[in-house]
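Scope of the values below: all heavy atoms of this structure, side chains included, with no hydrogens, waters or symmetry mates. Residue numbers start from 1 in every chain, and the chains themselves are labelled A, B, ... in the order their sequence lines are given, proteins ahead of strands.
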Number of protein chains: 2
Amino acid sequence: MMRISELSERSGVAIATIKYYLREGLLHQGEQVAATRAAYDDSHLRRLRLIRALLEVGRLPVAAIKQVIEAVEDESLPVHRMLGTAHHALGPAVEPEPGDDWEAAGAQVDRLIGEQGWTITPEAPTRDELAQTIVRLRQLGLPTDLTRYAEAARRLAEAEMDAIPFDGPRESAVEAVVLGTVLYGRALDTLRRLAHESESARRLAGAGEDSPGERP
Amino acid sequence: MMRISELSERSGVAIATIKYYLREGLLHQGEQVAATRAAYDDSHLRRLRLIRALLEVGRLPVAAIKQVIEAVEDESLPVHRMLGTAHHALGPAVEPEPGDDWEAAGAQVDRLIGEQGWTITPEAPTRDELAQTIVRLRQLGLPTDLTRYAEAARRLAEAEMDAIPFDGPRESAVEAVVLGTVLYGRALDTLRRLAHESESARRLAGAGEDSPGERP
DNA sequence: ATGCACTGGATAGCGCTATTATCCAATGAT
DNA sequence: ATCATTGGATAATAGCGCTATCCAGTGCAT
């Protein structure tokens with residue numbers, strides 16, 4: 001049990017910001033102890049860490065975080081619906097760019113999902129997200145065969161899901177899924193860029209030029 | 001050869017926005033035909049597509065795109081330096097969060113890079129990016145073993161690099177590297193979320209509840 | 001019980017980014 | 001000759017994530 005100032009110190013989040021999160025419904029209210037005093041506990045601290053991770057590492061907009069949290073807190077939602085809602089909040093919303101390109105990309109997304117044997121809601125915004133990327137790849141003349149990526153994604157996702165406590169309290173499950181999706185997603189992205197850097201250094205930095213990483 | 005209005009129509013980017021990109025140095029000036037008339041060509045159209053892809057798909061801030069483009073246009077830069085600069089602009093800048101956690105995470109990043117046999121500049125901001133993610137994983141009690149991800153990243157990055165035309169014009173090489181990094185990165189991320197959705201549906205949607213994707 | 005730091009609550013303002021709008025004088029097509 | 005368009009400059013806008021200010025009520029130390 002603590003007051004707002006202690007919550008602020010322990011979390012590293014400014015008081016004004018905490019108030020803002022309270023207003024926005026990202027952070028649940030503390031226990032009203034008196035008219036002008038409320039008490040916060042570890043659940044608030046944990047929630048703040050969740051928010052900051054989604055915000056700073058996942059770069060989710062506050063509105064998306066709110067959706068995730070609402071899904072968590074809506075007890076009437078069956079778990080897999082809750083996960084769906086949370087999941088759909090994680091991707092940036094893209095609006096369709098109508099045209100032949102878009103149609104073709106959509107078909108390709110369907111085909112890819114079919115090939116992998118995935119089960120995906122027809123309304124999943126994630127489909128449009130992928131379609132948009134494919135459209136851009138096409139426009140720029142880059143190869144659009146994503147099978148290799150889909151397979152890597154599948155392998156990683158399966159391993160991650162094995163670690164999710166689906167039998168525990170519902171809050172743990174969403175948190176684990178959402179945090180896993182976002183944080184490991186970012187880790188993967190960063191690692192891929194590191195691998196790129198290393199590969200291009202290896203292939204180019206011969207020929208007498210100094211190579212990054214080893215200064216004379 | 002076209003005027004600004006045609007460039008706008010063909011690219012789908014508003015005239016005012018094109019002027020803005022010209023001001024910001026993202027888009028090179030058109031050929032001055034008369035005091036109040038300039039001519040644009042396919043290179044401008046292509047550049048606009050690059051900008052929009054980095055902006056909308058890659059979600060890079062305009063300032064980062066500018067850095068990328070400056071690297072491309074600085075002819076005096078050796079190719080691998082140019083790629084390094086461009087690459088470092090792709091990641092969001094993170095500032096270190098000093099403390100023991102940070103130190104430990106840094107050490108873990110070094111170890112991971114070593115294990116994979118990668119060659120990475122000591123100053124690469126990408127290192128800090130990864131360190132930050134590891135710190136957050138720790139704070140939230142999630143496993144921090146990223147070996148599996150590093151290996152997947154390495155495999156994908158190697159395959160991508162095989163497709164880069166390092167022997168062609170330098171502009172092609174950066175464009176390919178940057179676009180590849182960003183667009184396939186996003187594709188991978190989206191696919192991983194799709195795989196997650198599918199996996200959690202598969203594991204949870206039994207038990208009489210209707211499963212996403214098949215409505216009665 | 002008194003003075004003072006702290007609280008919740010409400011509202012307003014800020015700093016940044018990406019974009020859009022407005023004006024202008026010059027100009028080229030009809 | 002005229003009228004829409006252009007380049008160029010400057011201002012205005014919208015959204016977001018905070019941050020600051022003000023307020024009256026309250027707990028705590030003295």
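A straight line from CZ of B/Arg3 to P of D/dG7 spans 9 Å, rounded to a whole angstrom. When the P atom of D/dA4 is taken as reference, atom CD1 of B/Ile15 falls 15 Å away, rounded to whole Å. Between the NE2 atom of A/His44 and the P atom of C/dG8 there is a distance of 10 Å, given to the nearest Å.
Residue contacts for A/Ala38: at a heavy-atom cut-off of 4.0 Å it reaches the sugar-phosphate backbone alone, with no base atom in range.
In this structure, the side chains of A/Arg136 and B/Arg49 stay at 4.5 Å or more apart for every pair of heavy atoms. In this structure the side chain of A/Thr181 reaches within 4.5 angstrom of the side chain of A/His87, judged on heavy atoms. Counting heavy atoms from C-beta on, the side chains of B/Glu199 and A/Arg154 never come closer than 4.5 Å.
Checked against D/dT6, D/dA20, C/dC6, the side chain of A/Arg37 finds its nearest nucleotide in C/dC6. Nearest nucleotide to the side chain of A/Ile4, out of C/dA26, C/dG28, C/dG8: C/dG8.
Atom OG of B/Ser8 is separated from atom CG of B/Leu48 by 9.0 Å, given to the nearest 0.5 angstrom. The CD atom of B/Gln67 sits 11.5 Å away from atom CG of B/Leu26, with the distance rounded to the nearest 0.5 Å.
For the pair A/Tyr40 and C/dT7, the criterion of a side-chain N or O lying under 4.0 Å from OP1 or OP2 is not met. Between B/Ser5 and D/dT6, a side-chain N or O to OP1/OP2 separation shorter than 4.0 Å is present.
Side-chain atoms of B/Ser200 and A/His80 form no donor-acceptor pair, as typed in the model, at a separation below 3.5 Å.
Residues from residues 17-32 of chain B that place a heavy atom under 4.0 Å from any atom of DNA chain C, listed by number: B/Thr17, B/Tyr20, B/Tyr21, B/Arg23. Contacts between residues 52-67 of chain B and DNA chain C, defined by a heavy-atom separation under 4.0 Å, are made by B/Arg52, B/Leu55, B/Pro61, B/Val62.
Summarising the local packing, CZ of A/Arg148 is surrounded by 12 or fewer heavy atoms from other residues, nucleotides or ligands at distances under 6.0 Å. Within a 6.0 Å radius of CG in B/Asp162, more than 12 heavy atoms belonging to other residues, nucleotides or ligands are found.
Between A/Glu175 and A/Arg46, at least one side-chain nitrogen of the basic residue sits less than 4.0 Å from a carboxylate oxygen of the acidic one, meeting the salt-bridge criterion.
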